[in-house]
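To keep things clear, I will list the structure first and then write my remarks on it.
In what follows, chains carry the letters A, B, and so on, assigned in the order in which the sequence lines appear, proteins first and then strands, with residues in each chain numbered from 1. All heavy atoms count here, side chains included; hydrogens, waters and symmetry mates do not.
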Number of protein chains: 2
Amino acid sequence: MKKPVPRISDTEWEVMRAVWSGHPATAGEIADRLAQSDPSWHPKTARTLIGRLVEKGALAYDVEGRSFLYRPAVTEQECIAAASESFLDRVFGGALKPMLAHFVEHEDLSPEEVKELEKILARRKNRR
Amino acid sequence: MKKPVPRISDTEWEVMRAVWSGHPATAGEIADRLAQSDPSWHPKTARTLIGRLVEKGALAYDVEGRSFLYRPAVTEQECIAAASESFLDRVFGGALKPMLAHFVEHEDLSPEEVKELEKILARRKNRR
DNA sequence: GCCGATCGCCTACATCTGTAGTCCGAGCGG
DNA sequence: CCGCTCGGACTACAGATGTAGGCGATCGGC
């Protein structure tokens, strides 16, 4: 019974993150959050996206009185896992290590972050 | 004069990887490589994609006699960097460490790979 | 109680994507 | 020589995406 996480497009991700960041939320609240992080968000656009996400089964809502309270229908973890999978396949042909190596080599990591990652790696070694 | 790497879609990535894996190459060769890794690739589809990639400026070609020899017009590194950036922003809101942590936690890494990553991290520490 | 601000629902529409098919000119096998 | 084949150019077409606008019911004020 694995619900296949629906495919979430770029802009839809922004909406999802707005919802995950605090729910339930009305469409207006969601639109406000989006506009806050990027003023070019038009409320109408937000609503359309919300509608599509509901259709796709990524969002659900409860009717409270006469307003709609939206909430995620899939967890952020599930979506992250799915998107990561697809990114990994697409860009690195599924090869995990080169991907991690790329990020470690080319992006900015503070020394503390490096240390934390080492810890995570160490934990992982023990686990197995 | 940074050429902005054109946006490469999912299937287009497969084509690009086929080209990066050995060029210059004729459309036929590219199609063959694709079909080899996934038999459901139709040659016509490959050609269409190649055409689009040329339009987008991701591929270029030289006319040799009467056949076309295609080659990448953008490097794999550039594309990887662009795609990674966008993935990172989209899914993790730009936060690198959580992203790396996610992959290390949830995906399969052989002990050897873990070791290599530790080495990369260590190198990185020294570098700075 | 009427008026404008909201809100959800439906509609619009240009692009981009995925997946091929058609057409035509140029060699290739007979 | 001649039809068959292969490659490139153009065409097709449905579904996803980004970005909104219009319509009708409602609710909060005045």
Integer-rounded Å distance: [N] [atom2] and [X] [atom1]:
X     : N      : atom1 : atom2 : result
A:F68 : C:dT6  : CZ    : P     : 18 Å
A:L53 : D:dA16 : CG    : P     : 13 Å
A:L49 : D:dT19 : CG    : P     : 8 Å
A:I30 : C:dC7  : CD1   : C1'   : 13 Å
A:I50 : D:dT17 : CD1   : C1'   : 16 Å
A:D10 : D:dT19 : CG    : P     : 10 Å
B:I8  : C:dT17 : CD1   : C1'   : 13 Å
A:L59 : C:dG8  : CG    : C1'   : 15 Å

Phosphate OP1/OP2 of [N] contacted by [X] side-chain N/O (<4.0 Å):
X     : N      : value
A:R47 : C:dC7  : yes
A:H42 : D:dG21 : yes
B:S9  : C:dG18 : yes
A:T11 : D:dG18 : yes
A:K44 : D:dC23 : no

Selection from C:dT17, D:dT17, D:dA20 that lies nearest to any side-chain heavy atom of B:K56:
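The closest nucleotide is C:dT17.
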Pairing of A:K97 and B:E116 as salt bridge, 4.0 angstrom limit
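Salt bridge present between A:K97 and B:E116.
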Salt bridge check: are A:R123 and B:E105 linked by an N-O gap of less than 4.0 Å?
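A salt bridge links A:R123 with B:E105.
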Give the minimum heavy-atom separation between A:L49 and A:E12, together with the two atoms involved.
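It is CD1-CG, 3.2 Å.
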Polar contact flag, side-chain donor to acceptor under 3.5 angstrom, A:W41-A:E14
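A donor-acceptor contact under 3.5 Å links the two side chains.
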Using a 4.0 Å heavy-atom cut-off across all strands, classify B:R7 as base, sugar-phosphate, or nothing.
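The residue B:R7 makes sugar-phosphate contact but no base contact.
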Within the structure shown, what part of the strands sits under 4.0 Å from A:T48 by heavy-atom distance: base, sugar-phosphate, or nothing?
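The answer is base, as A:T48 lies within the cut-off (heavy atoms under 4.0 Å) of a base atom.
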Which residue lies more 5' along DNA chain C, comparing A:G28 with B:W41 via nearest heavy atoms
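Between the two, 5'-proximity favours A:G28.
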When rounded to the nearest 0.5 angstrom, what distance separates CD in B:E78 from OG1 in B:T75?
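One gets 3.5 Å once the value is rounded to the nearest 0.5 Å.
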